[in-house]
Amino acid sequence: MKLHQIPVQIFNLDHTLRCGQVFRWQKKGDEWIGVVKNSVILAKQEDEILTVKSDLAAEEIASYFRLDDDMEKVYGQIGKDKLMKEAIARYRGLRLVSQDPWECLISYVCSRNAPIKKIKSVIFNLSKNFGNVIKSDDHIEYTFPEPDVIAGTTLDKLGMCGFRYGKKQAREILEIAKLVSGNNFDLERLKKHSYLDAKEELMNLRGVGHKVADCVLLFSLDKLEAFPIDVHMRRLMRREYFQDKNVSDDKIRELAREYFGKYAGYAQEYLFYHERSYGGGK
DNA sequence: TCCCAGGTAACAT
DNA sequence: ATGTTACATGGG
């Protein structure tokens, strides 16, 4: 394990890992524990120093936390109104992270219409049942299972992970794993496609609709204009930008694209965290 | 008992 | 093209 001391500005580790974009990081004491690129990573922040213990190279860590994103520029673009300015002030330093596309895709397929607690447990079960054990110091973690491992298992074994929609969802995951492991669906290649083209390809997969596609594009394929709309975002957007009218998701996506532009995904993440923390009467 | 949860696909207008 | 419903389940 190497020790990295990385100077950071406009970066907040807690907001970044708590805002809802990742499911597997955990905070123990003042330290966060996660698994990135199949290795354990320990991270903590003190003011403008991010301390990371990991086998990863410094560039890989910087890339994962998107330290090259120009946050002043992002804030200039999305800080369009009072609500956005408040969210930015409150969560200043929240950054998107660059997740592994395969893990991200399966995680969000599992997420549908389920409470976050449930999603976390499903993903933990997948990792524990089908991933590899990795130890570092006194921590035991699991890698996220590779596509060929999922593709090679059975519906019944998959089903024991506790999916929200039982075997229906297990079938979708098995089908996607077979496509990916057989090189009939290349997730990495989608990074080179335009946002809309990549989204269309993702939505050809059974089990992937607008919301999951946008999450994968935003969280793992560098498409910062993606604006995932779930129940929370729908409620917030209707309330704040459509005078409580029950507008369609298409209308909301249209507004997001025109209003927030190429950093709509950052706007979404700040608003999502805000809504989950303070909105909806909670 | 009813409502809700980081939705999607199939079906009905 | 847009609106509605089954799916499946633990917690408030």
Side-chain angles (χ1 to χ4, degrees), chain A residues 15-25 87 91 94 96-97 99-101 103-126 144 155-156 158-177 179 185 199-221 223-224 226-240 242 245-256 264-282:
Chain A
H15 292 330
T16 295
L17 297 179
R18 272 205 253 268
C19 69
Q21 60 183 325
V22 294
F23 297 115
R24 300 226 292 151
W25 282 87
Y91 306 124
L94 188 170
L96 290 165
V97 301
Q99 302 185 40
D100 171 67
E103 174 170 349
C104 189
L105 172 60
I106 297 304
S107 296
Y108 281 94
V109 166
C110 295
S111 78
R112 77 176 195 251
N113 207 19
I116 287 181
K117 203 172 167 184
K118 171 74 168 176
I119 301 167
K120 286 180 176 174
S121 93
V122 167
I123 295 168
F124 176 79
N125 290 339
L126 269 174
F144 192 80
L155 265 184
D156 286 333
L158 257 188
M160 295 196 302
C161 295
F163 302 114
R164 174 76 174 75
Y165 291 102
K167 286 204 174 171
K168 182 177 173 179
Q169 224 159 21
R171 264 190 289 274
E172 293 167 354
I173 288 164
L174 201 55
E175 190 177 314
I176 293 171
L179 284 172
F185 193 93
K199 183 165 177 178
E200 195 177 332
E201 290 213 39
L202 280 168
M203 288 178 65
N204 284 331
L205 298 171
R206 197 177 279 302
V208 178
H210 281 281
K211 192 271 178 177
V212 170
D214 276 329
C215 285
V216 175
L217 289 162
L218 177 61
F219 300 141
S220 73
L221 295 173
K223 304 304 181 195
L224 300 191
F227 191 86
I229 299 170
D230 69 324
V231 292
H232 305 288
M233 286 305 295
R234 190 173 299 121
R235 180 175 60 227
L236 175 144
M237 292 299 286
R238 286 175 176 177
R239 186 182 69 233
E240 301 291 340
F242 291 94
K245 276 194 296 186
N246 289 340
V247 295
S248 68
D249 288 358
D250 279 342
K251 290 285 184 200
I252 298 175
R253 270 188 289 274
E254 188 183 327
L255 174 90
Y266 259 111
Q268 191 272 358
E269 214 48 29
Y270 279 72
L271 291 174
F272 177 82
Y273 193 25
H274 186 265
E275 180 69 5
R276 294 252 325 147
S277 305
Y278 298 96
K282 289 182 185 177

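Chain naming here is simple, since letters A, B, ... match the order of the sequence lines and numbering starts at 1 in each.
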So G20(A), base contact, sugar-phosphate only, or nothing? Heavy-atom distance under 4.0 Å. base
Evaluation steps, side-chain contact (heavy atoms from CB on, under 4.5 Å), between L105(A) and L205(A): CA-CA 10 Å; L105(A) 172 60; L205(A) 298 171; 4.0 Å; yes
P228(A) has a side chain; which of dG6(B), dA5(B), dC7(C) sits nearest to it? dG6(B)
Apply side-chain contact (heavy atoms from CB on, under 4.5 Å) to residues Q21(A) and Q99(A) and explain how you reach the verdict. CA-CA 9 Å; Q21(A) 60 183 325; Q99(A) 302 185 40; 4.2 Å; yes
Could you state the CD1-P distance from I123(A) to dG6(B), rounded to the nearest angstrom? 12 Å
Has R206(A) got a side-chain N or O lying under 4.0 Å from the OP1 or OP2 atom of dG7(B)? no
Along DNA chain B (nearest heavy atom to each residue), the more 5'-positioned of G207(A) and P115(A): P115(A)
Is the ring of F272(A) stacked on the base of dG6(B), with centres less than 5.5 Å apart and planes under 30° off? yes
Compute the ring centroids of F227(A) and F272(A), then answer whether they are less than 6.0 Å apart. no
Nearest-angstrom distance from the residue atom CG of N113(A) to C1' of dT5(C): 13 Å
With a non-hydrogen cut-off below 4.0 angstrom, is V208(A) in contact with a base, only sugar-phosphate, or nothing? sugar-phosphate
Touch class at under 4.0 angstrom, heavy-atom based, for F163(A) against every strand present: nothing
Atom CG of D249(A) and atom C1' of dG7(B): how far apart are they, to the nearest Å? 10 Å
Quickly work out the Q268(A) CD to dG6(B) P distance and round it to whole Å. 13 Å
If the P atom of dG6(B) is compared with that of dT4(C), how far apart are they to the nearest Å? 24 Å
If you find the nucleotide of DNA chain C closest to K167(A) and the one closest to D250(A), which residue's nucleotide is nearer the 5' end? D250(A)
Can you tell me how far P of dG6(B) sits from CZ of F227(A), to the nearest Å? 17 Å
Measure the distance from CD on E254(A) to P on dT2(C) and round it to the nearest whole Å. 11 Å
Starting at CZ of R276(A) and ending at C1' of dA5(B), how long is that distance when rounded to a whole Å? 9 Å
Could you check whether L218(A) gets within reach of a base, just the sugar-phosphate, or nothing at all, counting any heavy atom under 4.0 Å? nothing
Steps toward side-chain contact (heavy atoms from CB on, under 4.5 Å) verdict (M160(A), D156(A)): CA-CA 7 Å; M160(A) 295 196 302; D156(A) 286 333; over 6 Å; no
Can you see if the side chain of R234(A) gets near the phosphate of dC4(B) - specifically, an N or O under 4.0 Å from OP1 or OP2? no
Watson-Crick or G-U counterpart of dA12(B), or none if no pair lies under 3.5 Å: dT2(C)
Mind calculating the distance between CD (Q169(A)) and P (dA9(B)) to the nearest angstrom? 11 Å
Nearest 0.5 Å, what's the OG-OH distance between S277(A) and Y91(A)? 3.5 Å
